[in-house]
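Encoded as structure tokens, the structure appears first; notes follow it.
Chain naming here is simple, since letters A, B, ... match the order of the sequence lines and numbering starts at 1 in each. Because the structure is predicted, anything quoted here is derived from the model rather than measured.
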Amino acid sequence: MLKTRNCGELRLTDAGRTVTLAGWLARRRDHGGLIFIDLRDRSGLVQVTADPTFADSYAAAERARSEYVLQVTGRVRPRPEGMVNPNLESGEIEVLAESIVLLNASRTPPIPLDDDGYKTDEITRLKYRYLDLRRERLQRNVILRHRTIKFMRDYLDRRGFLEIETPMLIKSTPEGARDYVVPSRLQHGKFYALPQSPQQLKQLLMVAGFEKYFQIARCMRDEDLRGDRQPEFTQLDLEMSFAGRDDILEVVEGLVTELVPAVVPHKRLFSPFPVMSYAEAMARYGTDKPDLRFGMEIVDVSAAVKGSDLGLVADALASGGSVKCIVAPGCASWSRRELDNLVELARAAGAKNLGTLGWTAGGLKGSLARQLRPEEAQEIARLCGAGEGDLACVVADKAAAACRALGALRLELRDRLRLAPPDLLAFGWVVDFPMFEWDEAEGRWNFMHHPFTSPKAEHLDLLESDPGKVMSEAYDLVCNGYELSSGSIRIHRRDVQERIFKCLGYGEEEVRERFGHMLDAFEYGAPPHGGMAPGVDRLVMLLADEPNIREVIAFPKTASAADVMFDAPSELEPRHLRELHIRVAE
RNA sequence: GGGGUCGUAGUUCAGUUGGUUAGAACGCCGGCCUGUCACGCCGGAGGUCGCGAGUUCGAGUCUCGUCGGCCCCGCCA
């Protein structure tokens, strides 16, 4: 090795030792007769002092510039009285350079590397990602990601899980997410698909008798990107045989509960995780991935206004809808402009309108102040616990639509009022999802999770008669408003699986061609099984307090799924295309 | 596919009602400086105002188009 020690680990106890370091020049302070160099490697920074006494090393220090790669040999010594830098872990000492070898020079970096990088043009950061990754924040994130994955492997190994790899070149399935597709050279006109997840493969591993499987699995989905969605991402994919829902939840909850204090000890979490049904989550938070870091739950205030002659309210109640409300604490005196903005937001989220009602010392404020009878306003206050200074946001609509709009509003208020405590990871379980949801566009039932999800046994009889009422054995892990993981107990019987495909409107021929291998497998002693697949990128993003998953992925893609460093995707040589039997249409 | 927003020096930004040679800070280059640590002081270089049309005597500024970034909706078995 070109180094005997790491820069960031040197301490006062090393004083007197001669060390050889190698790293990058983070900053240079040239005092004419004395040069200080902050030398950086993965472990951190240490100050190297170049003194003219060592003429060669001093000359090298004069020539060195930012991001030059240096090998420094010298003696560790305590800093002089009053020169300790308390902001630096190694700030009590410095290394007096006896020799400085220039291992490589560097052009001036196109982006600053000594800050957190949030303000720097992201496209330039990504183009020079290998430099961007040198910044301390990203080094920390990548290391945290490593520790997280290492913890997962160790934990699951302890619990008897086997890590098993599954193929990347598999078969396209038309439903679900769009596939990334790979042309076959050996078979004209045929294509592989990259896995959206190893779902079927891990179920087949259960049929194969491995009982407990996991994989740090790369998944590819050719869908539009978001701050929390990349075209390729990583899941901790796991599956267990002979397990019920609670067994799966126990494994994952145990993993996360032990992981957090191990890798981010400053973070807090609920233990045990709260469990709520899908219906409850929708009613209380207006979403199936509630942010449980704060309250502001949705309250039904229909009873308070049941006699109201207000158009929207009366219409909603007459047609079986409801009047729902959330309370924004201390916002009663918000300006017209701020309130209008909320109304706009609620409408964008699907509400017909948003009524506001604020309780101020000077009386009622807001759009509903004059439209409601005093006793109605008073009853609303009682039902939702609003007091002086508070603002009620009220939506009258079908219950689901009202909750959905207020759910969106709730997140907006969270951000405006900073309601989410920092360092809280509010994990929770959402269970009892419906099996199907009605697809308006296609005019048929579609699965909510995936077609291998088991219906609840007691709802099997409803499959054909009333699919909308069938609950599934699916469950989600949520955290701080993100869906961190989905899972389910799977179907392990051919007859049940066939009934599900039928409900989804798949023809027999189609089923045989696409899922015949699964159905066949279920006939050879498939054990009851289930599992889930936490999203590693999102989890690490939350652990690292990052605003998007690009910050915890070494080489992420832009919102248009481009890699600006490689300039991918790119066109292929005609020869290459011919070999693959592909002609690009104009 | 739709909506929002942004694009000016290497980076972060300013740029008035359309009007002289487009500015600042950081970074960079040169000089000075032996205790700095965001070192300091002096000097300097650095611009296809994303790109293309148009309006105008004149466009960083106005119009249209286009490309790209980010966020949101749709989409995400």
### Donor-acceptor pair under 3.5 Å, A/R27 side chain vs B/rC39 base
no
### Query
Would you say A/R107 reaches B/rG10's phosphate, i.e. side-chain N/O to OP1/OP2 under 4.0 Å?
no
#### Entry: For atom CZ of A/R29 and atom P of B/rG35, their distance in whole Å
13 Å
### Message
Check the orientation of A/Y506 and A/F515. Use parallel for under 30°, tilted for 30 to 60°, and perpendicular for over 60°.
### Response
parallel
### Summary
From the candidates B/rG35, B/rC28, B/rU12, the one with an atom nearest any side-chain atom of A/Q47 is B/rG35
### Query
Using atom C1' of each nucleotide, how far apart are B/rC64 and B/rG27 to the nearest Å?
38 Å
### Task
For the pair A/H529 and A/E239, evaluate side-chain contact (heavy atoms from CB on, under 4.5 Å) and give the outcome as yes or no after the intermediate values.
CA-CA 7 Å; A/H529 61 285; A/E239 197 78 4; 3.2 Å; yes
### Query
With a non-hydrogen cut-off below 4.0 angstrom, is A/P110 in contact with a base, only sugar-phosphate, or nothing?
sugar-phosphate
### Query
Taking the side chain of A/R77 as heavy atoms from C-beta outward, which of B/rC29, B/rC70, B/rG35 is closest to it?
B/rG35
### Query
For the pair made of CG in A/L45 and C1' in B/rA38, what is the distance, rounded to whole Å?
13 Å
### Task
Name the pairing partner of B/rA25, where a pair is Watson-Crick or G-U wobble with both distances under 3.5 Å, or state none.
B/rU11
### Nucleotide nearest A/A177 (side chain, heavy atoms from C-beta), chosen from B/rC76, B/rG68, B/rG35
B/rC76
#### Entry: Whole-Å distance separating the NZ atom of A/K119 from the P atom of B/rG27
14 Å
### Task
Could you tell me whether A/R444 sits above the aromatic face of A/F436, with NZ or CZ closer than 6.0 angstrom to the six-membered ring centre and within 45 degrees of the axis?
no
### Task
Report the distance from atom CG of A/D228 to atom C1' of B/rC72, rounded to the nearest whole Å.
12 Å
### Query
Taking the side chain of A/R226 as its heavy atoms from C-beta onward, which of B/rC76, B/rU11, B/rC73 lies nearest to it?
B/rC73
### Query
Below 4.0 angstrom from OP1 or OP2 of B/rC37, is there any side-chain N or O of A/R79?
no
### Task
Please confirm whether any donor atom in the side chain of A/N548 sits under 3.5 Å from an acceptor in the base of B/rC70, or the reverse.
no
### Query
Side chain of A/R40, backbone of A/G44: donor and acceptor closer than 3.5 Å?
no
### A/L411 CG to B/rC73 P, straight-line distance once rounded to whole Å
10 Å
### Message
What's A/E412 touching, base or sugar-phosphate or nothing? Going by heavy atoms closer than 4.0 Å.
### Response
nothing
## Note on the structure
Tested for salt bridge (charged side-chain N to carboxylate O under 4.0 Å, His left out) against A/D397, the lone hit among A/R347, A/K352, A/K324 is A/K352
#### Entry: Atom-to-atom span, CD1 of A/I123 to P of B/rG7 - whole angstrom
16 Å
### Query
Is any side-chain nitrogen or oxygen of A/R347 closer than 4.0 Å to OP1 or OP2 of B/rG3?
no
### Query
When the nearest nucleotide of RNA chain B is assigned to A/P112 and to A/S66 on a heavy-atom basis, which residue is associated with the more 5' position?
A/P112
### Task
For A/R125, answer base if it contacts any base atom (sugar-phosphate contacts may also be present), sugar-phosphate if it contacts only those atoms, and nothing otherwise; contact means non-hydrogen atoms under 4.0 Å.
nothing
### Query
What is the nucleic acid contact for A/N87, judged by heavy atoms within less than 4.0 Å: base, sugar-phosphate only, or nothing?
nothing
### Query
With respect to the phosphate group of B/rU36, does any side-chain polar atom (N or O) of A/T49 fall under 4.0 Å of OP1 or OP2?
no
### Task
Please confirm whether A/R137 makes a cation-pi placement over A/Y118, using NZ or CZ under 6.0 Å from the six-membered ring centre and within 45° of the ring normal.
yes
#### Entry: Proximal nucleotide (of B/rC71, B/rU11, B/rU34) relative to the A/L34 side chain
B/rU34
### Message
Taking 4.0 Å as the cut-off, does a side-chain nitrogen or oxygen of A/T124 come that near to OP1 or OP2 on B/rG10?
### Response
no
### Query
Are A/T558 and B/rG69 close enough that a side-chain N or O sits under 4.0 Å from OP1 or OP2?
yes
### Message
Below the 4.0 Å mark, does B/rC73 have OP1 or OP2 next to a side-chain nitrogen or oxygen of A/R404?
### Response
no
### Query
Contact class for A/E122 (heavy atom, under 4.0 Å): base, sugar-phosphate, or nothing?
sugar-phosphate
### Message
Please determine whether a side-chain nitrogen or oxygen atom of A/T120 lies at a distance below 4.0 Å from atom OP1 or OP2 of B/rU12.
### Response
no
